[in-house]
Amino acid sequence: QVQLEESGGGLVQAGGSLRLSCAVSGGTFNWYAVGWFRQAPGKEREFVATISGSGRNTDYADSVKGRFTISRDNAKNTVSIQMNNLKPEDTAVYYCARSVSNYIATRPGAYNYWGQGTQVTVSS
């Protein structure tokens with residue numbers, strides 16, 4: 001049974017930083033890419049960032065490039081995303097998800113296990 005649990009969300013002022021973590025249990029962690037997605041009220045879930053099983057390949061949404069950095073620790077079965085220079089439009093519930101393969105992907109359909117999400121609120 002694969003389970004993902006996010007942590008690190010909260011309230012921050014615009015320009016501030018947060019670091020989200022995703023702890024993954026079950027399965028062989030380094031065989032699979034892991035992604036972060038977010039969903040704001042009234043909007044569809046959108047891709048944020050992803051990292052391959054080895055950690056060598058990453059991809060980011062244009063809206064977060066240069067501000068967010070995804071990383072993984074395969075010894076600890078965790079994936080983190082460092083979010084800097086946060087903006088009010090980054091406010092959303094953030095979800096981590098495990099892919100069906102080692103390859104990075106931006107579409108939610110490529111991910112078959114999801115966490116419950118953690119709220120990030122950026123005040124102006």
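Values below: every heavy atom of this structure, side chains too, minus hydrogens, waters and symmetry copies.
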Test of understanding: clusters of I, L, V, M, F, W, Y form through side-chain heavy atoms closer than 4.5 Å, transitively. Do [X] and [Y] belong to the same one?
X   : Y    : value
V48 : V24  : yes
V34 : Y113 : yes
Y95 : L4   : no
F68 : I104 : no

[atom1] of [X] to [atom2] of [Y]: how many Å apart, nearest 0.5 Å?
X    : Y    : atom1 : atom2 : result
C22  : I81  : SG    : CD1   : 10.5 Å
L86  : T121 : CG    : OG1   : 10.5 Å
M83  : T69  : CE    : OG1   : 11.0 Å
R107 : T50  : CZ    : OG1   : 11.5 Å

Donor-acceptor under 3.5 Å ([X] side chain, [Y] main chain):
X   : Y    : value
Y60 : R67  : no
E46 : R38  : no
S52 : A33  : no
E5  : G115 : no
N77 : F29  : no

Practice problem: Output, in order, the C-alpha distance, side-chain angles, deciding distance and verdict of side-chain contact (heavy atoms from CB on, under 4.5 Å) for E6 and Y94. | Solution: CA-CA 8 Å; E6 303 94 341; Y94 283 71; over 6 Å; no
Could you pull out the closest heavy-atom pair between [X] and [Y], with the gap in Å?
X    : Y    : result
N102 : G53  : OD1-N, 2.7 Å
R72  : I51  : NH1-O, 3.6 Å
A110 : A105 : CB-CB, 3.5 Å
I70  : W36  : CD1-CD1, 3.6 Å

Quiz item: Is there a side-chain contact (heavy atoms from CB on, under 4.5 Å) between V122 and E89 once you walk through the steps?
Solution: CA-CA 8 Å; V122 184; E89 51 263 42; over 6 Å; no
Quiz item: Would you find more than 12 non-hydrogen atoms of other residues, nucleotides or ligands less than 6.0 Å from Q116 atom CD?
Solution: no
Self-check item: Co-members of the apolar cluster containing W31 [side chain, <4.5 Å]
Solution: Y32
Exercise. Taking only Lys NZ, Arg NE, NH1 and NH2, and the carboxylate oxygens of Asp or Glu, determine whether K87 and D90 approach each other closer than 4.0 Å.
Key: no
Exercise. For Q3, enumerate each residue passing the side-chain contact (heavy atoms from CB on, under 4.5 Å) test, keeping only those at least two apart in sequence or located in another chain.
Key: Q1, S25
Without placing hydrogens or testing angles, list every side-chain donor-acceptor pair under 3.5 Å for residues 7-21, not counting sequence neighbours.
| from | atom 1 | to | atom 2 | distance (Å) |
| --- | --- | --- | --- | --- |
| S17 | OG | N84 | OD1 | 2.9 |
| R19 | NH1 | Q82 | OE1 | 3.3 |
| S21 | OG | S80 | OG | 3.3 |

Exercise. Please state whether the rings of F37 and W114 are parallel, tilted or perpendicular, taking 30° and 60° as the class boundaries.
Key: tilted
